[in-house]
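These notes are about the structure you will find just below.
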Amino acid sequence: MGDFNALLTPEQTMRSLLNSEELALYDEGPKEGQQQLTWVAPAVPAFIFGHSGIYGAIVGIPLILAVVLGSLGSGMGYRLVGLAVMSTAVLWIVIAVRLYLRTYTRYILAPKRIIKMDGIISKFDASIEWDKITDISKKQSWWGQWLDYGDIKIETANDTSDFGTMKDVPRPREFVTRLEAMRKAAKHSPLNEAALRALVSLNDVLTKGELVVEQVEQDDPLRPAGWRLRRYESDLPG
């Protein structure tokens with residue numbers, strides 16, 4: 001978090017955050033598999049309307065002064081019109097650059113976790129596993145409801161999480177539905193290895209038998225690997 005790296009494209013930055021399993025799903029998996037690893041960037045209309053007052057003042061104030069002073073026959077009015085035109089040109093450049101920088105902010109949905117990345121030079125990233133999420137809430141302003149964007153807050157039992165709120169998410173209702181679906185799927189995942197080994201140890205103590213924990217690969221690459229028990233048959237004589 002906050003490290004300085006060579007300038008990467010947003011796609012390269014995102015790929016650097018994915019583990020090998022997620023990369024395989026993202027790069028080589030079937031289309032139905034790739035749909036389980038998706039991302040969104042903050043909505044463009046949210047940026048435009050969020051800064052419209054500032055940009056409007058930068059361009060509008062010189063124009064208003066130009067009208068007033070121009071009506072009085074002052075040459076200053078024409079200079080202010082020129083200033084407004086130059087301000088508009090500069091603002092378009094600033095807006096284009098800042099919109100490009102926003103593509104470095106991505107909210108990535110992976111099969112086992114949600115990832116948030118931000119920053120082009122000073123980089124930030126955080127992730128939360130689906131089964132660690134305690135609540136998901138959505139907030140939309142009036143403009144957000146009209147233009148279909150909003151903020152989504154992810155809450156966990158860990159109050160010190162750096163994940164924070166996902167700002168200006170496009171189509172937030174669809175996004176929350178997807179979040180809830182993946183969170184629900186994580187709750188129904190098999191026991192993890194540590195928990196299963198603890199059960200094995202307990203059973204081993206009670207029965208004096210020898211059990212082996214084996215990983216079972218799933219046919220569906222999107223489902224986590226399962227675990228099964230079998231009694232170990234030693235080749236040594238009785």
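More than 12 non-hydrogen atoms from other residues, nucleotides or ligands lie less than 6.0 angstrom from NZ of Lys138.
Shown here for Met14 and Arg106, the closest heavy-atom pair between the two residues is SD-NH1, 3.4 Å. For the pair Ala43 and Tyr149, the tightest heavy-atom approach, listed with the atom from each and the gap, is CB-CB, 3.8 Å. When all heavy atoms of Ala41 and Pro170 are compared, the pair lying nearest together is O-CD, 3.2 Å. Annotation for Gly150 and Gln140: closest pair CA-CG, 3.8 Å, computed over non-hydrogen atoms. Contact record, Met117 with Pro10: CE-O, 3.6 Å, taken as the closest heavy-atom pair.
For Lys153 and Asp135, the salt-bridge test fails: no basic side-chain N is under 4.0 Å from an acidic carboxylate O.
Relative orientation of the Tyr100 and Tyr104 rings is perpendicular, given thresholds of 30° and 60° on the angle between their planes.
Once rounded to the nearest 0.5 Å, the distance linking CD1 of Ile93 with CZ of Arg98 reads 14.5 Å. Atom OH of Tyr26 and atom OG1 of Thr38 lie 10.0 Å apart (nearest 0.5 Å). From Ser20, atom OG reaches atom CG of Leu25 across 11.5 Å, with rounding to the nearest 0.5 Å.
Judged purely by atom type and a 3.5 angstrom limit, Arg183 uses its side chain to pair as donor or acceptor with the backbone of Thr134. The backbone N or O of Thr177 lies less than 3.5 Å from no partner atom in the side chain of Glu180, so there is not a single donor-acceptor pair. Without hydrogens or angle criteria, Asp118 side chain to Phe124 main chain gives no donor-acceptor distance under 3.5 Å. Tyr107 contributes a side-chain N or O that, together with a main-chain N or O of Lys167, makes up a donor-acceptor pair within less than 3.5 Å.
Two residues are said to be in side-chain contact when any heavy atoms from C-beta on lie closer than 4.5 Å; Asp148 and Pro172 meet this criterion. The closest side-chain heavy-atom distance from Trp130 to Leu109 is below 4.5 Å. Residues Leu37 and Leu18 form a side-chain contact, since some pair of their non-hydrogen atoms from C-beta on lies under 4.5 Å apart. Looking at heavy atoms from C-beta onward, Phe175 lies in side-chain contact with Val40 at the 4.5 angstrom threshold. Looking only at side-chain heavy atoms (C-beta outward), Ile133 and Glu155 stay at 4.5 Å or farther from each other. Contact annotation: the side chain of Leu179 approaches that of Ile152 to within less than 4.5 Å [non-hydrogen atoms, C-beta and beyond].
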Inset, instruction - Carefully, step by step, assess Ile128 and Lys116 under the rule side-chain contact (heavy atoms from CB on, under 4.5 Å). - result: CA-CA 9 Å; Ile128 301 176; Lys116 177 182 179 180; over 6 Å; no

Legend entry - Candidate pair Ile95 and Ile48, rule side-chain contact (heavy atoms from CB on, under 4.5 Å), full reasoning: CA-CA 8 Å; Ile95 290 173; Ile48 299 297; 4.0 Å; yes

Inset, instruction - Given salt bridge (Lys or Arg N to Asp or Glu O under 4.0 Å), test Arg113 with Glu22 step by step and report yes or no. - result: CA-CA 10 Å; Arg113 59 180 179 147; Glu22 292 164 344; 2.9 Å; yes

Inset, instruction - Could you check Asp151 against Met166 for side-chain contact (heavy atoms from CB on, under 4.5 Å), going step by step and ending with a plain yes or no? - result: CA-CA 6 Å; Asp151 298 342; Met166 295 183 287; over 6 Å; no

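Each of Ile115, Ile114, Asp125 was evaluated against Phe163; a single residue qualifies, Ile114, per the side chain to side chain contact (heavy atoms under 4.5 Å, CB included) test.
Under a hydrophobic-cluster definition in which Ile, Leu, Val, Met, Phe, Trp and Tyr are linked whenever side-chain heavy atoms come within less than 4.5 Å, directly or via other members, Val44 and Val94 are assigned to the same cluster. Following chains of ILVMFWY side-chain contacts shorter than 4.5 Å, one can reach Val90 starting from Phe47, so the two form part of one hydrophobic cluster.
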